[in-house]
Structure formats: structure tokens, C-alpha cells
Amino acid sequence: QVQLVESGGGLVQAGGSLKLSCAYSGRTSGDYAMGWFRRAPGKEREFVAGFSRTADTTYYADSVKDRFTISRDNAKNTVYLQMNSLKPEDTAVYYCARRTVPYYSILPTNFGPWGQGTQVTVSS
């Protein structure tokens, strides 16, 4: 059974950086398109960043473009999210998931399964 475990969150000041990791068990992350999502308090889960199955295409939400970078290490079955120039509005629980449909999508309903997430808090 596929499982994903996120880690690397924490408390950081505005302008700082964090690198999140998503350890993937089961089939390798190279078999799937993957994505990072986040859920802020009182808000719906939203797409942050993703890559295609072959990882030759990456895509980002406008709110994080040029600040966040998604990558993966197939040998380690791990997906990463490097977050720079963090802002208080980036505060959320961050989740990774694999895409479950064979076409481009950023809808949370087209991704899964979901791990427990990792909390990112950015202070002003």
C-alpha cells in the first residue's frame, strides 16, 4: 500500500527558508506525477507545486512561483519542496500526494493518498 510521510516543517521568520521532504513507500515516486498542497486554518486544501510523471515538467501556484521549487530523488523515493522567501501567508499544513488521474490536474480530488502533513509557520 502506498504511504507518504511528510517532514521538515517548522517555525521560521518571514524571509527565511525551509525544505520539506516527502518519503514515499510502495511503488517509486518515478511512476507517478506528484504534487504538494497546503491547507491554511479555515481554508480549503490548495495546490502549491507539482511535476509530471517523467518530472520533465514542473508547475506552481502563482502565489509561490519563483520562491518554491519541487524536486525528487528517485533513488531515495523522496519528493522535496524547497521554500525560500517565506511569507506569513505561507503558514499552513503542507501535504504531498501522487496524482491519481492520467492527465494534468491541480485539483486535490485528483490526488492521494494523503499523509499527516507537516506544519509550516512563518512569523512576521
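Hydrogens, waters and symmetry mates are skipped; everything else that's a heavy atom, side chains included, is used.
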Chemist: How close do A97 and G112 get, counting heavy atoms only, and between which atoms?
Modeler: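 Scanning both residues completely, I find the closest heavy atoms to be CB-N, 3.7 Å.
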
Chemist: Determine whether a donor-acceptor pair (N or O, by modelled atom type, separation under 3.5 Å) exists between the side chain of S63 and the backbone of A61.
Modeler: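 Flag not set: sc S63 to bb A61 has no pair under 3.5 Å.
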
Chemist: To the nearest 0.5 Å, tell me how far S71 OG sits from Q82 CD.
Modeler: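 These two atoms lie 8.0 Å from each other.
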
Chemist: Would you say the side chains of Y32 and R53 form a donor-acceptor pair under 3.5 Å?
Modeler: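 No - no donor-acceptor pair under 3.5 Å links their side chains.
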
Chemist: Rounded to the nearest 0.5 Å, what's the gap from CZ on R99 to CG on L107? Could you check?
Modeler: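 Interatomic distance, R99 CZ to L107 CG, rounded to 0.5 Å: 11.5 Å.
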
Chemist: Rounded to the nearest 0.5 Å, what's the gap from CD1 on I70 to CG on L20? Could you check?
Modeler: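 These two atoms lie 10.5 Å from each other.
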
Chemist: If you look at every heavy atom in A14 and S124, which pair is closest and at what distance?
Modeler: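 Closest pair (atom of A14, atom of S124, distance): CB-CA, 4.4 Å.
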
Chemist: Counting C-beta onward and ignoring hydrogens, is there a side-chain heavy-atom pair between R45 and W114 closer than 4.5 Å?
Modeler: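 When only atoms from C-beta onward are counted, W114 and R45 do touch, with a gap below 4.5 Å.
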
Chemist: Do the side chains of T78 and Y24 get nearer than 4.5 Å, heavy atoms only?
Modeler: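 A side-chain contact is absent here, since even the closest heavy-atom pair is not under 4.5 Å.
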
Chemist: Is the closest side-chain heavy-atom distance between Y60 and D66 below 4.5 Å?
Modeler: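 No, their side chains stay 4.5 Å or more apart.
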
Chemist: To the nearest 0.5 Å, how far apart are OG in S52 and OH in Y104?
Modeler: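 It is 11.0 Å, given to the nearest 0.5 Å.
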
Chemist: Would you say Y94 ends up clustered with V12 if hydrophobic residues are merged whenever their side chains have heavy atoms under 4.5 Å apart, either directly or through other cluster members?
Modeler: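 Yes.
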
Chemist: Without swapping roles, check the side chain of T118 against the backbone of G9 for a donor-acceptor pair under 3.5 Å.
Modeler: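 Between the backbone of G9 and the side chain of T118 there is a qualifying donor-acceptor contact (under 3.5 Å).
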
Chemist: How far apart are the closest heavy atoms of V93 and G117, and which atoms are they?
Modeler: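 Looking at all heavy atoms of both residues, the shortest contact is CG1-CA, 3.8 Å.
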
Chemist: What I'd like to find out is whether the side chain of L4 reaches to under 4.5 Å of the side chain of C22, using heavy atoms alone.
Modeler: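 Yes, side chains in contact.
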
Chemist: Rounded to the nearest 0.5 Å, how far does CZ of R72 lie from CE of M34?
Modeler: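 Reported to 0.5 Å precision, the distance equals 9.0 Å.
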
Chemist: Measure the spacing between CZ of F111 and OG of S105 and express it to the nearest 0.5 Å.
Modeler: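 That separation rounds to 5.5 Å.
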
Chemist: Measure centre to centre between the rings of F37 and F47, then say whether the value is under 6.0 Å.
Modeler: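 Yes - the distance between ring centres of F37 and F47 falls below the 6.0 Å cut-off.
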
Chemist: When you measure from the side chain of S85 to the backbone N and O of G15, does any donor-acceptor pair fall under 3.5 Å?
Modeler: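 Between the backbone of G15 and the side chain of S85 there is no qualifying donor-acceptor contact (under 3.5 Å).
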
Chemist: May I ask whether V48 and Y95 are part of the same hydrophobic cluster, defined by side-chain heavy atoms of I, L, V, M, F, W, Y residues being less than 4.5 angstrom apart, directly or through others?
Modeler: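 Shared cluster, no.
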
Chemist: Could you check whether any side-chain heavy atom of Q119 comes within less than 4.5 Å of a side-chain heavy atom of T91, counting everything from C-beta outward?
Modeler: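 Of all side-chain heavy-atom pairs linking T91 with Q119, at least one is under 4.5 Å.
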
Chemist: Without hydrogens or angle criteria, can the side chains of T100 and N110 be said to hold a donor-acceptor pair below 3.5 Å?
Modeler: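 Note: T100 and N110 side chains miss the donor-acceptor criterion.
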
Chemist: Do R38 and E46 make a side-chain contact, defined as non-hydrogen atoms from C-beta onward lying under 4.5 Å apart?
Modeler: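 Heavy-atom side-chain distance check passes, below 4.5 Å.
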
Chemist: Is there a side-chain contact between F68 and L81 in this structure, where contact means two heavy atoms from C-beta onward sitting under 4.5 Å apart?
Modeler: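 A side-chain contact under 4.5 Å exists here.
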
Chemist: Just so I know, are the side chains of E6 and W36 near enough to count as touching, which here means a heavy-atom distance under 4.5 Å?
Modeler: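 In contact.
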
Chemist: Where do Q13 and V122 land on the side-chain contact (heavy atoms from CB on, under 4.5 Å) test, with the steps shown first?
Modeler: CA-CA 5 Å; Q13 288 189 329; V122 184; over 6 Å; no

Chemist: Could you go through the salt bridge (charged side-chain N to carboxylate O under 4.0 Å, His left out) check for D90 and K87 one step at a time?
Modeler: CA-CA 5 Å; D90 295 318; K87 305 175 180 179; over 6 Å; no

Chemist: Under the criterion salt bridge (charged side-chain N to carboxylate O under 4.0 Å, His left out), I'd like the reasoning laid out for R39 against E44: C-alpha separation, chi angles, the key distance, then a yes or no.
Modeler: CA-CA 6 Å; R39 176 179 282 164; E44 298 293 320; 5.2 Å; no

Chemist: Can you tell me if S25 uses its side chain to pair, donor with acceptor, with the backbone of Q3 under 3.5 Å?
Modeler: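 Side chain of S25 to backbone of Q3, a donor-acceptor pair under 3.5 Å: yes, one is there.
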
